*Asks:* 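Got a structure for you, questions after.
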Amino acid sequence: YSSVVAAMMLTAAVLCALCSVCWAARPLTARSDLHQPPPSLLTAAQLPGAKEVDPAPRRLTECACDTGSASQLFSVPAIGQQGPITLRQDASQCLKLVAMAGVCDGLCAVMTNCSDPTLGPPPHFKQVALSTTSPDQHPVTIQIVTPLPPVSSAAPGLHQRAGPTDPPLCLDMNAEKLSLQAYHCLGNANQHWVSDNVTGLLHEAYDSVGNCVGLQNDACKPPTPPPFCPGFHPIHSLGVYDPSGPLQTNDGVWHMWEDQGGWSHWVSYDLIRWNLSSPSSHFNGLTGSVSVTPAGVTAFWPTDNQGGIESAAALDVPGLNQWAVRPSTTILAPSYVGSNFRDPARALELDDGAWYVGVGCNNHSQSADLCLFRASNASLAAFEDVGALFVTNVTYGQMDGDIVWQNTSLKATMMECPDVFPIGRGNMYMVIGSLFATNQWWIGTIAGNPPRFKPESVGLLDYGNSYAAKTGTTMVQARSSRRVLFSFTGWKEPTAIASCGRYITLPRDVTLGSDGTSPRINPIPEIASLREPGSQTAVLVTGGHDAAATKRIGGGSATPLGSRAELRVMCSFEPNGPPTQGSVTVRVLQTSDSAQYLAIGYDFEQRTLFSDQSRCCATPNTIVQRAPASLMAEQLLNLTIVVDGELVESFVNGLVAITTLVSPDVAAGAPSERVADVLVDPGLGCTVEAWRLQRLAPAPPPRGNRKVDDRANSHRHRHA
C-alpha cells in the first residue's frame, strides 16, 4: 500500500512539473474580452466568468495541476532572491494554474487550499496581477495578503515564510526559469519589474503609469549605461522592436506602440519627450497598426501562427489604454499566402467609399505582396479578400553585413511592416515596406476595382541602420495632414555599442517632393527644443581657389561641441549649379588630437551622402555608408546631422538619410570632450550652425522581453 501511495505522489509531482514546463513553453495568448488594469486583490472566485479547467494537463492553454495533490507546493525564496519552484508535501496551500475566461484566456496562477475543488477564496493568498500573455513576457505576481506562519524547520533547505508582523510579500513567477522571487509588495496591482541581464534577478519596479517605485526600500537605480549611449532617444532597450500604430489624437497627443512586452504604449506632446503610458497593451508582440474610422479606433496585429489578423476596439479614446479584443480572428490568411502573413497597415478609405486594410504577406516565397482586404463597414470587424494591392519580386539594392547599401538587387519574398497612405495632391499614394534587405518606399497611383497600386518611383527610407518603418498622422488621414515616420535600429551594426541596445530613431517628417514622384524626409523641427541655451555657434567656412578650408565648430563660449549635437551646413551653388568634384565633410565625435572621428558629408563627384566610419573607433575599419543623392536640380546643399552619442542621423536636402551607429573609444576622449570640424574643398563656401543638445531624463522601459518571432529568412534577424 505504501508503495502505491508513493508511486501516486511521484506521479502527481511529475504532472505538476510538466504543468510548469508547459506553462513556460506555451505560445503567447493575445486575446481577452476586455483588457483593463486588473482589479486589486481579487480572488479567482470573485473574477467574472472564472472557471476551473480539467486538471489533467491536456492542452497548453488548459494546463493545471491536481488541486488535491500536496506535492505541487512550493517554498518562498529569500526576499529579493530567486528560488526554484520547490515541490513540497508538508503544507496545505497549493499553487494552481487556471484558465479564466474573460480575464486571461490563458493561464493565471492562484493560491488555493489543496483540497478545495471549488476555488473558493483562498485563506492566505490573493492574485493581484493577471497574466494576459505568456509569463515569460511579464511574470505573474501573487501577493501574500496574510503572511503565513514560518515553515517548519523540519523541512530542510526551505526559507522561512514571513511572520505575522512582517509586511506583505509578493511572489514573482518567472516561467521561463521555473523560479519564484520574493520581494516586498510595491506600487499597485499593475506593477512590473525589470530583470538584471546578468543575474536574472528583478532589480527595478514600475507602477502602472511607469513611475519608478524602486526595489524593497531602495530607490530605483537603473544601471549606468556606457558613456556614449544615446541620451535623447528615450524609447530604447536591448529588446526594443518595431514601432506600431503611430497616431496623433485630437487632443494633440502622439501615440506610438512598440512591440516589446505586447505593445508597450508611449505618448508624447512634442515627438521628442516620450512617456510610458502603459507597459503592455496585451497584444501579440508582432507589428500592427491603429486605425481610425467614424465608427471608432481599432488596433490590428497578427495571430501567433501568422495565420490571421486579430483586432480590438478602443474603449477610452483618446487615452487608448483600454481595449475590447474581438473574440475571433478578424482577417484570415488567404490560401495563396505562404507561411508569412503579418504586420497589418492602418485602414485606408479609398475613392469608392470602402475601407481597406493591407497586410504584409508573400506568395509562397515567390514575391513580396501587400495583400488587401475590404471591410464590410467602418467598424472594421469583418473583411473580404480582394487580392494584392501591390506585388514586387525584387529589392532596391541590399544592405550588406556592415550595413552598407550595395546596388545589387535580391529576390523579394516578403513584405514586412507595410504602410500605405495618400501623399501630396491628386491621386498619389506612398507605400513603404521592409523587404528583409531594405526598408523601401514606392510612390504611385491607386486605381481600379479591386484597387491596385501602380508605382512610378522607388527608393530607400534610410541607407543606414533603420528598419520596420511606420508612419503616423492625425485621426483623419487628410492629404494635408502632417505625416511622421518612425523606425528602429534593427540591424546589428559591427561598429555599434552592443550594451546600449536598440533605439526608436528620431521621428522624421515625410512630404511629397516638388517633382511629384519622390518623398522629402527631414528631421522634425521639434529637435530645436533639445538645444542647450547659449550653445549656438554660427561660422562661415570658405575654400580658397586651390586650397581646402577647415574650421573647428564649438558649442558656444569656446566649449567643445561634445557627443550630443545638431549641425546644419548650407552651401549655395548659384549661379552655376552644384560643382562636379570636391566634398563638404563634417567630422563629429572627433577627439582633440583629430585621431578618431566619424566623417559625415556630401561627395559632389559621386553625388552621394556618405558616413565614413573608418576612423570612428579604437580599431580602424573600412566601412563607408553611401546614399545616392543628385543635387543637379537643387540650388544649395542642406546637410543636417544629429549626433546622440553612438547614434548619428544624417540628412541631405530631404532626399536621403543615413543612420549610423559607432562605438567611440572612451579612452581616447570622453563624450564632453569631443569636438567637430568642418572641411570645405576649394571653391566652396558654406555657413555652419551648431548647437549642443540636452540629454533627456531616461524613460522607464517596457515590461519584460518580447517573444522573438521566427522569421527564418529575415535579413534583420540574421543580423540582429
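No experiment lies behind these values; they were computed from the predicted model shown.
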*Asks:* Do Arg692 and Glu566 meet the salt-bridge criterion of a basic N to acidic O distance under 4.0 Å?
*Replies:* no
*Asks:* Quick one about Asn362 and Thr413 (side-chain donor to acceptor, distance below 3.5 Å, no hydrogens or angles considered), yes or no?
*Replies:* no
*Asks:* Applying side chain to side chain donor-acceptor pair (under 3.5 Å), run through Arg273 and Ser529 and close with a yes or a no.
*Replies:* CA-CA 10 Å; Arg273 296 159 182 83; Ser529 68; 3.0 Å; yes
*Asks:* Would Glu416 and Arg342 pass as an ion pair if we require N to O under 4.0 Å?
*Replies:* yes
*Asks:* Step by step, would you call Gln596 with Asp665 a side chain to side chain contact (heavy atoms under 4.5 Å, CB included)?
*Replies:* CA-CA 8 Å; Gln596 295 182 24; Asp665 183 11; 3.3 Å; yes
*Asks:* Give the minimum heavy-atom separation between Asn427 and Ile446, together with the two atoms involved.
*Replies:* ND2-O, 3.0 Å
*Asks:* Quick one: CG on Asn653 to CD1 on Ile521, what's the gap to the nearest 0.5 Å?
*Replies:* 13.0 Å
*Asks:* Under 6.0 Å between the ring centres of Tyr602 and Phe610?
*Replies:* no
*Asks:* Can you see whether Thr505 engages His233 through a side-chain donor-acceptor pair at a distance of less than 3.5 angstrom?
*Replies:* no
*Asks:* Donor-acceptor pair, Ser487 side chain versus Ala469 backbone, under 3.5 Å?
*Replies:* no
*Asks:* Distance-only, no hydrogens or angles: does the Arg452 side chain make a donor-acceptor pair with backbone N or O of Ala388 under 3.5 Å?
*Replies:* yes
*Asks:* Using a strict cut-off of less than 4.0 Å between a Lys/Arg side-chain nitrogen and an Asp/Glu carboxylate oxygen, indicate whether Arg508 and Asp462 qualify as a salt bridge.
*Replies:* yes
*Asks:* Start with the C-alpha distance between Thr445 and Met428, add both sets of side-chain angles, then the distance that settles side chain to side chain contact (heavy atoms under 4.5 Å, CB included), and finish with yes or no.
*Replies:* CA-CA 5 Å; Thr445 57; Met428 303 306 292; 3.9 Å; yes
*Asks:* If we ignore hydrogens and angles and just use 3.5 Å, is the side chain of Glu646 paired with the main-chain N or O of Ile497 as donor and acceptor?
*Replies:* yes
*Asks:* So, the side chain of Asp352 versus the backbone of Ala354: is there a donor-acceptor pair under 3.5 Å, distance only?
*Replies:* yes
*Asks:* Under 4.0 Å between a Lys/Arg side-chain N and an Asp/Glu carboxylate O for Lys454 and Glu456?
*Replies:* no
*Asks:* Has the side chain of Asp612 got a donor or acceptor atom that lies under 3.5 Å from a matching backbone atom of Leu598?
*Replies:* no
*Asks:* Work out which heavy atom in Leu410 is nearest to a heavy atom in Ala437; give both atom names and the distance.
*Replies:* CD1-CB, 3.9 Å
*Asks:* Do Arg483 and Phe421 meet the cation-pi criteria used here (NZ or CZ under 6.0 Å from the six-membered ring centre, within 45° of the axis)?
*Replies:* yes
*Asks:* Do Asp259 and Ser244 have a side chain donor and acceptor closer than 3.5 Å?
*Replies:* yes
*Asks:* Verify, without hydrogens or angle tests, whether Thr473 (side chain) and Gln477 (backbone) share a donor-acceptor contact under 3.5 angstrom.
*Replies:* no
*Asks:* Out of curiosity, Ile423 CD1 to Thr471 OG1, how far, rounded to the nearest 0.5 Å?
*Replies:* 9.0 Å
*Asks:* Determine whether a donor-acceptor pair (N or O, by modelled atom type, separation under 3.5 Å) exists between the side chain of Asp419 and the backbone of Lys470.
*Replies:* no
*Asks:* Hey, what do you get for CG (Asp509) to CD1 (Ile524), rounding to the nearest 0.5 Å?
*Replies:* 7.0 Å
*Asks:* Which atoms form the tightest heavy-atom contact between Glu689 and Ala538, and what is the distance?
*Replies:* CG-CB, 4.2 Å
*Asks:* Roughly how far, to the nearest 0.5 Å, is the OG atom of Ser672 from the CG atom of Leu561?
*Replies:* 12.0 Å
*Asks:* Just checking, any donor-acceptor pair under 3.5 angstrom between side chains of Thr659 and Asn465?
*Replies:* no
*Asks:* Could you tell me whether the side chains of Asn393 and Gln366 share a donor-acceptor contact shorter than 3.5 Å?
*Replies:* no
*Asks:* Under a 3.5 Å threshold, yes or no: a donor from one side chain and an acceptor from the other, between Thr517 and Ser457?
*Replies:* no
*Asks:* What's the shortest heavy-atom distance between Gly601 and Leu609, and which atoms?
*Replies:* O-CD1, 3.3 Å
*Asks:* Strictly distance-based, threshold 3.5 Å: is any side-chain N or O of Asp402 a donor or acceptor partner for the main-chain N or O of Val404?
*Replies:* no
*Asks:* Within the distance-only criterion (no hydrogens, no angle test), does the side chain of Ser535 pair as donor or acceptor with the backbone N or O of Trp691 below 3.5 angstrom?
*Replies:* no
*Asks:* Would you check if there is a donor-acceptor pair between the side chains of Ser289 and Arg346 at a distance under 3.5 Å?
*Replies:* no
*Asks:* Closest heavy-atom contact between Ile600 and Ser611?
*Replies:* CD1-OG, 3.3 Å
*Asks:* Find the distance between OG1 (Thr489) and CG (Leu647) and round it off to the nearest 0.5 Å.
*Replies:* 6.5 Å
*Asks:* For the rings on Trp405 and Tyr396, is their centre-to-centre separation under 6.0 Å?
*Replies:* yes
*Asks:* Salt bridge between Asp677 and Lys551, side-chain N to carboxylate O under 4.0 Å?
*Replies:* no
*Asks:* Taking the side chain as every heavy atom from C-beta outward, state whether Trp441 and Pro519 have any pair of such atoms under 4.5 Å apart.
*Replies:* yes
*Asks:* Taking the inter-plane angle between the rings of Tyr241 and Phe488 on a 0 to 90° scale, is it parallel (under 30°), tilted (30 to 60°) or perpendicular (over 60°)?
*Replies:* tilted
*Asks:* Under the side chain to side chain contact (heavy atoms under 4.5 Å, CB included) criterion, do Phe486 and Met256 qualify, and how do the steps go?
*Replies:* CA-CA 9 Å; Phe486 298 79; Met256 196 274 291; 4.2 Å; yes
*Asks:* Can you tell me how far the SG atom of Cys361 sits from the CG atom of Leu370, to the nearest 0.5 Å?
*Replies:* 7.0 Å
*Asks:* Above 12 or not: heavy atoms from other molecules or residues under 6.0 Å from CG of Asp351?
*Replies:* no
*Asks:* Would the Tyr269 and Trp254 ring centres measure less than 6.0 Å apart?
*Replies:* no
*Asks:* Taking atom CZ as the centre, does Arg607 end up with more than 12 heavy-atom neighbours from other residues, nucleotides or ligands that are less than 6.0 angstrom away?
*Replies:* no
*Asks:* ring-ring contact (aromatic ring centres under 6.0 Å, His included) between Phe604 and Phe573: does it pass, once the steps are laid out?
*Replies:* CA-CA 12 Å; Phe604 288 97; Phe573 306 143; 5.8 Å; yes
*Asks:* State, with a plain yes or no, whether a side-chain heavy atom of Thr392 is found less than 4.5 Å away from one of Phe390.
*Replies:* yes
*Asks:* Verify the distance criterion only: is there a donor paired with an acceptor across the side chains of Arg674 and Ser592 at less than 3.5 Å?
*Replies:* no
*Asks:* Just wondering, are more than 12 heavy atoms of other shown residues or ligands nearer than 6.0 Å to CE in Met475?
*Replies:* yes
*Asks:* Assess the residue pair Met415 and Leu435 against the criterion (side chain to side chain contact (heavy atoms under 4.5 Å, CB included)); give the C-alpha distance rounded to whole Å, side-chain angles, the decisive distance to 0.1 Å, and a yes or no.
*Replies:* CA-CA 5 Å; Met415 177 81 70; Leu435 303 182; 4.0 Å; yes
*Asks:* Without swapping roles, check the side chain of Ser583 against the backbone of Thr585 for a donor-acceptor pair under 3.5 Å.
*Replies:* no
*Asks:* Compute whether any side-chain donor of one residue and acceptor of the other, for Gln440 and Thr438, lie under 3.5 angstrom apart.
*Replies:* yes
*Asks:* Between Leu631 and Pro578, which heavy-atom pair has the shortest distance, and what is it?
*Replies:* O-CG, 3.5 Å
